[in-house]
Amino acid sequence: MSDIVTLQDVYKIYGKVHALHNINISIASGEWVAVMGPSGSGKTTMMNIIGCMDTPTKGSVQVDGTETHKLNGAALTKLRREKIGLVFQQFHLVPHLTAVENVMLAQYYHSMPDEKEALQALERVGLAQRAEHLPKQLSGGEQQRVCIARALINYPSIILADEPTGNLDKVNERIVIDIFNQLHKEGHTIIMVTHDPKVGQLAQRQIELDHGQLVYSGVV
Amino acid sequence: MLKLRMYLRLLKRAVTKRKSRMIISLLAISLGAAVISALVSVYYDMGVKMRKELRTYGANVVVAPSPKNNFISTRELESVMDTLPKDNLIGYAPYIYGVVRTGDSRLVAAGTDFTQVKKVSPYWHVQGQWPDSDNSILVGIAAARQLGVETGDSIVIMAEENKQWLKAEVTGVVETGGTEDNQIIMSLNKAQHLFDKKGKINISYASIIGDAETVERWTNDLESDLRVEPVKKISQAEGKILERIRSLVYLVVIIILGSTLLCVTTTAMAMIMERRQEIALKKALGADNKSIIYEFLGESTILGLLGGAAGWAIGFGLAQGIGLSVFNSLVSFRWQVIPAVLATAVIMSCVACLIPINKALSVEPAVTLKGE
């Protein structure tokens, strides 16, 4: 399979701190990769660079055929809008919008909002009945599922999930992991940051970072 | 269309689901708009009302005989007054003067139309009653002291020139602060008879509503041998007073706009800080700067329209209060004030959001969503 993400000699330096140091990674299309490592190891920085929310200090980054390190802010936003689906640990739903409206928000910035399609996305994550509920009326697991539905709605090339089960209980963790399994089977590329070795083992490949350096990359 | 519908849906949710912050902004805009609405409503009516009010301070036009004559015929005066716009003419008081003797004293006596005097010079302060017949007179306060008369007394007045005399009852003592305080004032008819000047007057004072330029134009346009001239001191003073009040209104409006702007900006700034995560999320989802600007300007426009509408209604009520307490009459409804107030409120609300919007655009999604 062709590579959908390539990081070559990537550095991210804040003053004297090397958040990322000479990172070289390739991720194939349809691959599920778990990014692991202790706090401060550079996982989030790497995810931000892949997710077009940050740029490297040095090195080159390719996302779905586009060299992102050469792009300006507006072009990065456009690429993120079109290629990336984001799932957050803290869900990050707009509090005054209902579940379906939160999903439609991603459609709105991407192209054209379609309520029917947004409802189908919620149905896919088992939340069709909760479409008109506000985030505060949903449990943590339900909020995370809305977040996944929102990430999927624009058919992104890559799904970036930052600790998607980090704030969930066991039951909801299972539901969310099942959804990711299903997405992987359907051919989605998933890059997931996790602290949990059990969740990490579900991926095809684990990448481990420590002090900004790649210390392990291998098949589970 | 679907995009517009979603945009409106986002605005509606932002306004209706975040009531507490919105209410604070709405209150600030409503209060600002209310004061502006009241001032603008009063401002529109103020010219007319102030001119009417200022007319109570005396005549602003003098009608004098042509240089060749000493007298004006009452018919001539009437025909001149008939040419002036009726709605603007408050009244005109004709006067005839003569020297009279009463007892050992020598005084000026004036004959006038008391009904017209009440209109032209409502500031005359009469202790007692206004004369209601040809045999009753007013005596100026200084003249009354000089003659030793008071209300209810009868005096004999003799015209110095023709020695004709009359006996009249003093019904009131008048104080004007002017030359009338030294005079005896009787009906025009009686004075013309006493001085043997039937149908004649020396001068007439008129009170006309209008600014200095308008009054001057009217008097210049008159085709008459009579000298009809505005009392420039009064006309110009009126103009200056109005100009000063208008400047004051402008100043108050600017201060109100400034303080409202400050209040709304502060609230909007706090709102942006509260919504940093939401903004960061929207950016992470792919919202460009234009989308963020449109959303905040949209919310500001709704706030401006709601605040402006509420402010107009409150302001119109306030204007009625001001009208009743200051001018003793209601302020008229002018539809032009509504779009003016709404536009001002919307502009104010949008301008107040410019700095906060700029702040919103600088939100870094990667940093903010991580909670740093």
Side-chain angles (χ1 to χ4, degrees), chain A residues 12 43-45 47-49 51-55 73-98 100-118 134-136 147 150-151 153-154 156 160 162-163 193, chain B residues 1-26 271-296 298-299 302-303 358 360-372:
Chain A
K12 185 69 186 181
K43 303 185 301 285
T44 303
T45 307
M47 290 293 266
N48 286 340
I49 288 173
C52 304
M53 290 196 279
D54 206 350
T55 49
L76 281 171
T77 301
K78 188 171 182 282
L79 190 70
R80 183 166 68 242
R81 187 162 62 213
E82 286 169 0
K83 307 281 184 189
I84 313 283
L86 295 164
V87 180
F88 306 97
Q89 182 181 359
Q90 290 96 352
F91 326 130
H92 291 310
L93 300 175
V94 180
H96 56 265
L97 297 182
T98 61
V100 71
E101 285 167 345
N102 265 289
V103 178
M104 288 167 76
L105 193 65
Q107 290 179 308
Y108 172 70
Y109 294 126
H110 179 267
S111 48
M112 204 54 81
D114 182 341
E115 192 161 2
K116 206 172 151 191
E117 204 180 352
L134 290 170
K136 65 180 177 192
C147 187
R150 183 179 63 192
I153 194 70
N154 294 322
L160 292 182
D162 192 356
E163 300 273 10
V193 169
Chain B
M1 191 65 191
L2 288 170
K3 204 143 181 157
L4 177 68
R5 205 182 294 169
M6 183 67 189
Y7 173 70
L8 296 175
R9 203 164 165 174
L10 288 177
L11 294 186
K12 186 183 157 194
R13 294 287 189 203
V15 173
T16 56
K17 297 286 176 190
R18 306 178 54 259
K19 284 182 188 135
S20 57
R21 278 286 177 202
M22 287 294 174
I23 284 171
I24 295 170
S25 296
L26 205 61
M271 217 144 67
I272 295 286
M273 292 312 286
E274 260 182 22
R275 295 172 73 182
R276 283 177 82 238
Q277 286 229 331
E278 180 194 329
I279 297 160
L281 172 72
K282 286 177 174 175
K283 284 185 150 192
L285 292 178
D288 50 20
N289 286 351
K290 206 167 70 181
S291 303
I292 302 283
I293 292 170
Y294 283 169
E295 279 178 44
F296 279 102
E299 287 178 26
I302 292 176
L303 272 180
N358 196 38
L361 296 180
S362 67
V363 167
E364 291 283 348
V367 179
T368 310
L369 290 177
K370 201 65 194 165
E372 287 167 17

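Quick note: numbers below take in every heavy atom, side chains included, and nothing from hydrogens, waters or symmetry partners. Every chain is numbered from 1, with letters handed out A, B, ... down the list of sequences.
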Considering only heavy atoms, which portion of A/Glu101 lies under 4.5 Å from any heavy atom of chain B: side chain, backbone, both, or neither? both
For A/Glu115, is it the side chain, the backbone, both or neither that has a heavy atom under 4.5 Å from a heavy atom of chain B? side chain
Does OH in B/Tyr7 sit with more than 12 non-hydrogen atoms of other residues, nucleotides or ligands closer than 6.0 Å? yes
Mind ranking A/Arg150, A/Gln90, A/Lys78 by heavy-atom pairs under 4.5 Å with chain B and telling me who comes out on top? A/Arg150
When the 4.5 angstrom heavy-atom criterion is applied to B/Ala280 and chain A, the contacting part is neither
Nearest 0.5 Å, please: how far is CZ in B/Arg9 from CG in A/Leu97? 9.0 Å
Please flag which part of A/Asn48 lies under 4.5 Å from any non-hydrogen atom of chain B: side chain, backbone, both or neither. side chain
Heavy-atom closest pair, residues A/Arg81 and B/Gly286: NH1-O, 2.7 Å
Heavy-atom cut-off 4.5 Å, strictly under: side chain, backbone, both or neither for A/Tyr108 against chain B? both
Under 4.5 Å from a heavy atom of chain B, the part of A/Thr77 involved: both
Return yes when atom CD of A/Glu82 has more than 12 non-hydrogen atoms of other residues, nucleotides or ligands closer than 6.0 Å, and no otherwise. yes
Is chain B contacted by the side chain of A/Asp162, its backbone, both, or neither, given a heavy-atom distance below 4.5 Å? side chain
Can you name the closest pair of heavy atoms from B/Pro365 and A/Met53 and give their distance? CB-SD, 4.0 Å
Within the side chain of A/Arg80, is there an N or O that forms a donor-acceptor pair under 3.5 Å with the backbone of B/Lys283? yes
What I'd like to find out is whether the side chain of B/Glu278 reaches to under 4.5 Å of the side chain of A/His96, using heavy atoms alone. yes
Region of A/Met104 in contact with chain B, defined by heavy-atom distances below 4.5 Å: both
So, the part of A/Leu86 with a heavy atom under 4.5 Å from chain B: the answer is side chain
Atom group of A/Ser111 that falls short of 4.5 Å from chain B, counting heavy atoms: backbone
Are more than 12 heavy atoms from other residues, nucleotides or ligands located less than 6.0 Å from atom NZ of B/Lys3? yes
To the nearest 0.5 Å, tell me how far B/Ile292 CD1 sits from A/Tyr109 OH. 5.0 Å
Member of B/Leu285, B/Leu369, B/Thr368 meeting the side chain to side chain contact (heavy atoms under 4.5 Å, CB included) criterion with A/His92: B/Leu369
Less than 4.5 Å to any heavy atom of chain A: does that hold for the side chain of B/Arg275, its backbone, both, or neither? side chain
